[in-house]
Amino acid sequence: MNNLASKYDPKAVEEKWYQYWLDHDLFKSVPDEREPYTIVIPPPNVTGVLHMGHMLNNTIQDILIRRARQKGKNALWVPGTDHASIATEAKVVKRLAEQGIKKSDLTREEFLKHAWDWTHEHGGIILQQLRKLGASCDWSRTAFTMDEKRSEGVLRVFVDLYDKGLIYRGLRMVNWDPKAQTALSNEEVIYREENSKLYYLKYYVADDDLTGETGQEGEIVHRDEQGRRYAVVATTRPETIMGDTAMCINPKDPKNQWLRGKKVIVPLVNRVIPVIEDRYVDIEFGTGCLKVTPCHDPNDYMLGKTHNLENIDIFNADGTVSDQSPLYVGMDRMEVRKVISRDLTEAGLMEKVEDYVNKVGYSERNSDTAVEPRLCMQWFLKMRHFADLALPPVMNDEIKFFPQKYKPTYHNWLENIQDWCISRQLWWGHRIPAYFLPAAEGEEERYVVALNDEEALAKARQIPGFEHITAEELRHDNDALDTWFSSWLWPISLFDGINNPGNDEIKYYYPTNDLVTAPDIIFFWVARMIMAGYEYEGKMPFRNVYFTGIVRDKLGRKMSKQLGNSPDPLMLIDKFGADGVRMGMMLSAPAGNDILFDEALCEQGRNFNNKIWNAFRLVNGWDVDENLAQPDHSRLAIDWFQNKLNATLAEVDDLFNKFRISEALMAVYRLFWEDFSAWYLEIVKPAYQQPVDAATMRATKRFFDILLRMLHPFMPFITEELWQHLAERADGESIMYAPLPAEQPVDEAVLASMAEAGAIVSNVRNVRSAKNIAPREAVTLQVVGTWANANAPIIVKLAGLNDIVAVEAKDPTAAAFIVGTTEFAVPLADKVNVEEEIAKLQKELDYARGFLANVEKKLANERFVANAPQAVVAIERKKQADALSKIATLEESLKALKQS
RNA sequence: GGGCGCUUAGCUCAGCUGGUUUAGAGCACCUGCCUUACAAGCAGGGGGUCGGCGGUUCGAAUCCGUCAGCGCCCACCA
């Protein structure tokens, strides 16, 4: 009857259909008269490998884009990759090191050659992996943040913002990554709580005459055995004392009044430094004495500026001690901490060491490297202007965030925004288009900012005194731009909107519709895209932002290589099929929460595929008899399922509009498994080897078609595979473009009637189950009193009845149950167990009485009757009447049973 | 220190502006079934009083307050 295997085999169909879609350019989009629907992919690192976060994120995007196609939109999903400067450069440096090559031995050009080689070697693997998932991106548009167009756009934007006065160069305390040896933005620093130590160091008073008394009331003066006085400073970073140029106390601190105007000696270093006073110092913390190291702490830097302190930079770029320091030159900062702690102790200059928990900043890209505050010249973008552009549209929901809870976070960040350090001391990236003019030692650096060498030269020659400067004399800035300085242009640059403003593509596709991304890049990327969008297009870059959760394991732990709890997505696809994995992702992804991923969910997805597959096998195997009349139960089932389908279509639509995609999937899942397979198909299914009538077959295939369309965004492969068997189609056609039916009204009465019929069927099955009555053994259903349900033929078929008969009083040896207010009974002859029946009915009676008591309590409350809406009171009265009737029925049944 | 969010069956979550029979779903669990679409399955079943306390109300899982626990984001206390 059927040549399809009894199990669905994803491997046999996935590659075939993906190739089919590619061969027929079905993911391709060009502007036309249809309404556009656009998504730009959050570009993964070009040399990255697919992980579970990508799986989730891209599954959602694919679902949205496929659904948009079904809705008749011109759907475009643009793919691409990100050059990820720090991460990629780090990988290249590491690889070179393995070959015995040091970056510092290479020229910029040589290094970049290696980097491009690496990129071409590993680049785009991740995009290949996305195809396995079924991602329907328009691959002909694949972009790279460092390809020609995107690079040109970045430079144009830099020049433009410089010309607008929004970019400046300055000496600032920045976050320095000593491993990558580059500056970082504030956002690239991750603070982690750490168990460290608080070291209490002795700073002796210089030229102490030893005459000072113990001090005034409230003063705390330390003395050693010789009577020499010293101050105690608490610090977590004793290795920076070589850079100390002052000690600071709060002028109002009673403990330390005696130190005012004194000078103290830096331990080991023996440098004499002044005691300064500043209200910045917290009297309560430690001893109230703060060591001031202006070059190695942002706050100390501020103090240094205010109090005109000397700056001693004791660290090199790689975190080793510089020759500015009198001690430990060349030693690594972390090593120094250990050594100096010992040396201080041995010298008797350590008062004590305490355990202390504090937060230490780490580089986001080199997570094992503590960030070092460092004073250096960098490029910055003024952010106030951009914050003012980007805040209102989100706060007033022109751009909607899903879930909404990220709005305050966004607001808070923009309110307190600081200038963005955009320069990186890296080669892999967009080279900063600034050109320095020759300058004498000590003279202030002068530069021009221009798109290319020629323009730079022309600009330079306009500067008085430089009319005859040559290209060779101009020095191109060696630094690259922060990666995010290109990513923030993504929704514009993908359509060449920077280089070629107002072109047809940008006009058609921009603003894009939905952005799907993880919340951890809300500042790095989302906020900045909004800024660039308004600056360069005057419009939002996207209408909705859907923040996915972080993918965790089922115990709620973050996925990590160390824990080994991060499954390989491709292995999962191999095991469960792409559709199964997609479903597994979505089943675990409630909107707005972290997702707890469990392989069992992929298994559930695979099982569902199998369910669909087998339902299809069933229908596919039916023979049609054109002359056969349609049975009543089939006609009724079709009417019911049509209504159920309409209701679910509306429900799914609503859920999608709210980005409740998991719930939408669950609605379709239940519709297919419960309503369609367990009920509808069981009703219309002909007896073994019997044909089905033509009308029922037509309706069933039509339902199947619509169900496949509804499922397609979630499970593109199996739906395409089965769809081809349902209808004749031309080469190049695809379920991907098969529209969903328009909204249709739902007849609630039909649904209610079937619900009642279903309850009756379940009750009879329950009796069968309890009494061990074989499915084939027909039973009779008695109805006590008057009752009517149009779906009686369905009940007869599904409950395996030979008849439904109305009776005045039920058979005394029957198993009884109540649905609604009507009592039903299945005569059992000798099988009845009177005791059990009594117990069962008694339980129901107790429940009904309790229920009634509740209702009557309400109705007895005059204020309820007076104040509650009429409708609510009416409902309560109906409940009361129903309960009374049910109780009467039960009491009568019990009485009869007990007499028998 | 500031801000946000969460706490409903064993697990993961719905339950929107308070009242559609004394709370729903999926999974898990229990019982019985290899009933020719599917054991990756079928049928049936048990299970929560909605974190604690107090308040508003005729009526609260749903609103307010408070306490407890959990989580996230931001912030220069060395």
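Treat the numbers as computed from the prediction; the structure is a model and nothing was measured. Naming convention: chains lettered A, B, ... in sequence-line order (proteins, then strands); numbering from 1 in each chain.
Counting any heavy atom pair closer than 4.0 Å across all strands shown, Trp673(A) reaches sugar-phosphate atoms only and no base atom. Counting non-hydrogen atoms under 4.0 angstrom, Ala600(A) reaches nothing in the nucleic acid. Heavy atoms of Arg670(A) sit under 4.0 angstrom from primed sugar atoms or phosphate atoms, though from no base atom. Here Ser677(A) lies in heavy-atom contact (under 4.0 Å) with a base.
For the P atom pair drawn from rA43(B) and rG48(B), the interatomic distance equals 25 Å after rounding to whole Å. Nucleotides rU22(B) and rU49(B), compared at atom C1', are 9 Å apart to the nearest Å. For rC29(B) and rC67(B), the C1' atoms lie 35 Å apart once the distance is rounded to whole Å. Nucleotides rU36(B) and rU31(B) place their P atoms 23 Å apart, quoted to the nearest Å. The gap from the P atom of rU66(B) to that of rA14(B) amounts to 25 Å, rounded to the nearest Å. Taking atom P on both nucleotides, rC50(B) is separated from rC63(B) by 15 Å, rounded to a whole Å. Of the C1' atoms belonging to rU17(B) and rA61(B), the separation is 16 Å, rounded to the nearest Å. Straight-line distance between the C1' atoms of rC4(B) and rA25(B): roughly 28 Å, to the nearest whole Å.
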Base-pairing string, 5' to 3', of RNA chain B - Watson-Crick or wobble, under 3.5 Å, | interstrand: (((((((..((((.....[....)))).(((((.......))))).....(((((..]....))))))))))))....
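When the C1' atom of rC33(B) is taken as reference, atom CG of Asn766(A) falls 15 Å away, rounded to whole Å. Rounding to whole angstrom units, CD of residue Glu876(A) and P of rU20(B) are separated by 7 Å. For the pair Phe672(A) CZ and rC38(B) P, the interatomic distance rounds to 15 Å; values are reported in whole Å.
To the nearest 0.5 Å, atom CZ of residue Arg617(A) and atom CD1 of residue Ile612(A) are 14.5 Å apart. One distance of note links CG of Leu708(A) with CD1 of Ile718(A); it measures 8.5 Å at 0.5 Å rounding. Here the straight-line distance linking atom CG of Leu884(A) with atom NZ of Lys879(A) works out to 13.5 Å at 0.5 Å rounding. With values rounded to the nearest 0.5 angstrom, Asn861(A) atom CG is found 11.0 Å from Glu876(A) atom CD. For the atom pair NZ (Lys400(A)) and NZ (Lys658(A)), the distance works out to 13.0 Å, reported to the nearest 0.5 Å.
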Check against side chain to side chain donor-acceptor pair (under 3.5 Å), Asn256(A) and Asp253(A): CA-CA 6 Å; Asn256(A) 294 316; Asp253(A) 186 353; 2.9 Å; yes
Stepwise side chain to side chain contact (heavy atoms under 4.5 Å, CB included) check, Leu681(A) with Thr700(A): CA-CA 8 Å; Leu681(A) 287 180; Thr700(A) 305; 4.0 Å; yes
Criterion salt bridge (charged side-chain N to carboxylate O under 4.0 Å, His left out) on Glu836(A) and Lys771(A), from CA distance to verdict: CA-CA 11 Å; Glu836(A) 272 178 24; Lys771(A) 302 299 172 199; 3.3 Å; yes
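Of the listed nucleotides (rC27(B), rC38(B), rU22(B)), rC27(B) has the atom at the smallest distance from the side chain of Tyr669(A). For Arg660(A), whose side chain is taken as the heavy atoms from C-beta onward, the closest listed nucleotide among rG41(B), rU35(B), rG15(B) is rG15(B). Among the nucleotides rC38(B), rG26(B), rU22(B), the one closest to any side-chain atom of Tyr847(A) is rU22(B). Closest approach to the Leu596(A) side chain among rU12(B), rG41(B), rG5(B) is made by rU12(B) (side chain taken as heavy atoms from C-beta onward). Picking from rC27(B), rC4(B), rU35(B) the nucleotide with the shortest atom distance to the side chain of Gln604(A) gives rC27(B).
Ring pair Phe672(A)/Phe608(A) is perpendicular by interplanar angle, where above 60° counts as perpendicular and below 30° as parallel. By the 30° and 60° cut-offs, the orientation of the rings of Tyr356(A) relative to Phe285(A) is perpendicular. Classification of the Tyr8(A)-Trp613(A) ring pair by plane angle, with boundaries at 30° and 60°, yields tilted.
When each of Glu351(A), Lys352(A), Glu354(A) is checked for a side-chain hydrogen bond (donor to acceptor under 3.5 Å, both in side chains) with Tyr200(A), only Glu354(A) meets the rule.
One N or O donor and one acceptor, one from the side chain of Lys611(A) and one from the base of rC38(B), sit under 3.5 Å apart. Contact of Glu682(A) with rA37(B) (side chain to base): a donor-acceptor pair of N or O atoms is detected under 3.5 Å.
Figure legend: Arg606(A) and Phe576(A) shown without cation-pi pairing, the cationic atom not lying both under 6.0 angstrom from the six-membered ring centre and within 45 degrees of its axis. With a 6.0 Å cutoff to the six-membered ring centre and a 45° limit on the axis angle, Lys407(A) does not count as a cation-pi contact of Phe401(A).
Contact annotation: Arg617(A) side-chain N/O to rG41(B) OP1/OP2 distance is not under 4.0 Å. For the OP1/OP2 pair of rU20(B) and a distance below 4.0 Å, the side-chain nitrogens and oxygens of Lys878(A) include no atom meeting the criterion. The side chain of Arg606(A) contributes no N or O atom lying less than 4.0 Å from OP1 or OP2 of rA40(B). Regarding contacts with the backbone of rG45(B), every side-chain N or O of Ser769(A) stays at 4.0 angstrom or more from both OP1 and OP2. Within the 4.0 Å cut-off from OP1 or OP2 of rA37(B), at least one side-chain nitrogen or oxygen of Lys685(A) is found.
Across the interface with RNA chain B, nearest-nucleotide mapping of Pro408(A) and Gly850(A) shows Pro408(A) to be the residue nearer the 5′ end. Both Trp679(A) and Glu674(A) sit near RNA chain B, but only Glu674(A) has its closest nucleotide nearer the 5' end.
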Expected list for residues 289-301 of chain A: side-chain donor-acceptor pairs under 3.5 angstrom, two or more places apart:
{"from": "Lys291(A)", "atom 1": "NZ", "to": "Thr240(A)", "atom 2": "OG1", "distance (Å)": "2.6"}
{"from": "Lys291(A)", "atom 1": "NZ", "to": "Asp244(A)", "atom 2": "OD1", "distance (Å)": "2.8"}
{"from": "Lys291(A)", "atom 1": "NZ", "to": "Thr293(A)", "atom 2": "OG1", "distance (Å)": "2.8"}
{"from": "Thr293(A)", "atom 1": "OG1", "to": "Asp244(A)", "atom 2": "OD1", "distance (Å)": "2.8"}
{"from": "His296(A)", "atom 1": "NE2", "to": "Ile314(A)", "atom 2": "N", "distance (Å)": "3.0"}
{"from": "Asp297(A)", "atom 1": "OD1", "to": "Asn299(A)", "atom 2": "N", "distance (Å)": "2.8"}
{"from": "Asp297(A)", "atom 1": "OD1", "to": "Asp300(A)", "atom 2": "N", "distance (Å)": "3.1"}
{"from": "Asn299(A)", "atom 1": "ND2", "to": "Tyr280(A)", "atom 2": "OH", "distance (Å)": "3.3"}
{"from": "Asp300(A)", "atom 1": "OD2", "to": "Thr293(A)", "atom 2": "N", "distance (Å)": "2.7"}

So which protein N/O to nucleotides 46-50 of chain B N/O distances come out below 3.5 Å?
none

Within the sub-3.5 Å range, which N or O atoms of nucleotides 56-60 of chain B have a protein N or O partner, and how far apart are they?
{"from": "rC58(B)", "atom 1": "O2'", "to": "Asn861(A)", "atom 2": "ND2", "distance (Å)": "2.6"}

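Listed by chain and number, the residues in a salt bridge (Lys or Arg N to Asp or Glu O under 4.0 Å) with Lys558(A) amount to none (sequence neighbours excluded).
Taking the ring centroids of Tyr669(A) and Phe714(A), they lie at or beyond the 6.0 Å cut-off.
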Nucleotides 71-78 of chain B: protein proximity per nucleotide (B base, S sugar-phosphate only, - neither; heavy atom, under 4.0 Å): --SSBBBB
